[in-house]
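Model, not experiment: these values are computed from the prediction.
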Amino acid sequence: VHLVESGGGLVQAGGSLRLSCAASGGTFSLSAMGWFRQAPGKEREFVAAISSSGINTYYADSVKGRFTISRDNAKNTVYLQMNSLKPEDTAVYYCAGERTFYGSTYYSTDPYEYDYWGQGTQVTVSS
């Protein structure tokens with residue numbers, strides 16, 4: 001499965017961005033998906049996850065209430081809507097997908113469970 005992120009950029013604090021992750025190959029509708037981010041000098045951290053059916057979602061405390069993960073299985077795409085952005089949200093954002101189907105309601109926050117990764121898209125939030 002090949003994942004390609006888009007939608008990153010430079011935005012002022014308080015602004016919004018919508019990231020997209022397009023998947024090709026494999027069976028996207030059976031893959032739980034996640035978004036992770038990595039800031040300079042820091043480890044990659046979990047941001048949000050969504051089950052293959054889209055029924056279940058989960059967020060890191062740092063983004064809860066501001067970010068929304070969603071997916072369109074007909075378009076093989078997962079999204080991350082980011083509102084009320086803060087300078088500390090600045091990072092490279094990666095989408096990731098699981099190869100193994102654990103059920104339509106399953107999702108994971110563990111990056112080591114994910115098998116497919118995109119190349120990342122830079123999000124920079126200025127103060």
Side-chain angles (χ1 to χ4, degrees):
V1 175
H2 186 55
L3 303 176
V4 179
E5 302 98 334
S6 61
L10 173 65
V11 64
Q12 288 189 333
S16 299
L17 283 174
R18 188 195 196 200
L19 304 184
S20 299
C21 173
S24 58
T27 309
F28 177 79
S29 62
L30 296 182
S31 294
M33 301 294 294
W35 285 97
F36 295 79
R37 66 186 182 187
Q38 188 166 19
K42 294 187 176 181
E43 294 188 354
R44 190 169 299 190
E45 65 172 354
F46 167 77
V47 176
I50 188 167
S51 61
S52 61
S53 64
I55 291 176
N56 288 346
T57 59
Y58 189 79
Y59 299 91
D61 288 342
S62 58
V63 306
K64 199 172 295 181
R66 300 188 297 123
F67 290 11
T68 302
I69 188 172
S70 62
R71 66 190 295 158
D72 185 338
N73 285 347
K75 295 183 178 180
N76 288 355
T77 303
V78 61
Y79 305 96
L80 185 68
Q81 177 67 43
M82 306 186 294
N83 299 330
S84 302
L85 282 161
K86 304 175 181 179
E88 50 263 44
D89 294 319
T90 295
V92 177
Y93 283 70
Y94 300 88
C95 73
E98 293 207 32
R99 177 174 56 221
T100 303
F101 178 68
Y102 294 106
S104 62
T105 58
Y106 179 83
Y107 60 84
S108 176
T109 63
D110 183 355
Y112 293 100
E113 285 201 21
Y114 288 86
D115 305 289
Y116 310 114
W117 291 85
Q119 82 290 348
T121 185
Q122 176 70 46
V123 171
T124 303
V125 184
S126 63
S127 56

[Y] reachable from [X] in the ILVMFWY side-chain graph, under 4.5 Å edges:
{"X": "Y58", "Y": "L80", "value": "no"}
{"X": "W117", "Y": "V1", "value": "no"}
{"X": "Y116", "Y": "W35", "value": "yes"}

The ring-ring contact (aromatic ring centres under 6.0 Å, His included) partner of F36 among Y112, F46, Y94 is F46
I want to check something: taking the side chain as every heavy atom from C-beta on, are [X] and [Y] in contact at a cut-off of under 4.5 Å?
{"X": "K75", "Y": "S20", "answer": "no"}
{"X": "T27", "Y": "F101", "answer": "no"}
{"X": "V123", "Y": "M82", "answer": "yes"}

Kindly compute the distance separating [atom1] ([X]) from [atom2] ([Y]), expressed to the nearest 0.5 Å.
{"X": "L19", "Y": "F67", "atom1": "CG", "atom2": "CZ", "result": "8.0 Å"}
{"X": "D72", "Y": "Y79", "atom1": "CG", "atom2": "OH", "result": "5.0 Å"}
{"X": "F28", "Y": "M33", "atom1": "CZ", "atom2": "CE", "result": "5.0 Å"}
{"X": "E98", "Y": "L30", "atom1": "CD", "atom2": "CG", "result": "12.0 Å"}
{"X": "R18", "Y": "S70", "atom1": "CZ", "atom2": "OG", "result": "6.0 Å"}

Sub-3.5 Å donor-acceptor pair from the side chain of [X] to the main-chain atoms of [Y], do we have one?
{"X": "T121", "Y": "E5", "value": "no"}
{"X": "R71", "Y": "S51", "value": "yes"}
{"X": "N73", "Y": "S52", "value": "yes"}
{"X": "N76", "Y": "S24", "value": "no"}
{"X": "Q119", "Y": "V4", "value": "no"}

Side chain to side chain donor-acceptor pair (under 3.5 Å) between E113 and Y102: does it pass, once the steps are laid out?
CA-CA 11 Å; E113 285 201 21; Y102 294 106; 5.2 Å; no
Give the intermediate values and the outcome of side chain to side chain contact (heavy atoms under 4.5 Å, CB included) for residues Q122 and T90.
CA-CA 8 Å; Q122 176 70 46; T90 295; 4.0 Å; yes
Before accepting this row, confirm whether a basic side-chain N of the pair K64/D61 lies closer than 4.0 Å to the acidic partner's carboxylate O.
yes
More than 12 foreign heavy atoms under 6.0 Å from OH of Y59: is that the case here?
yes
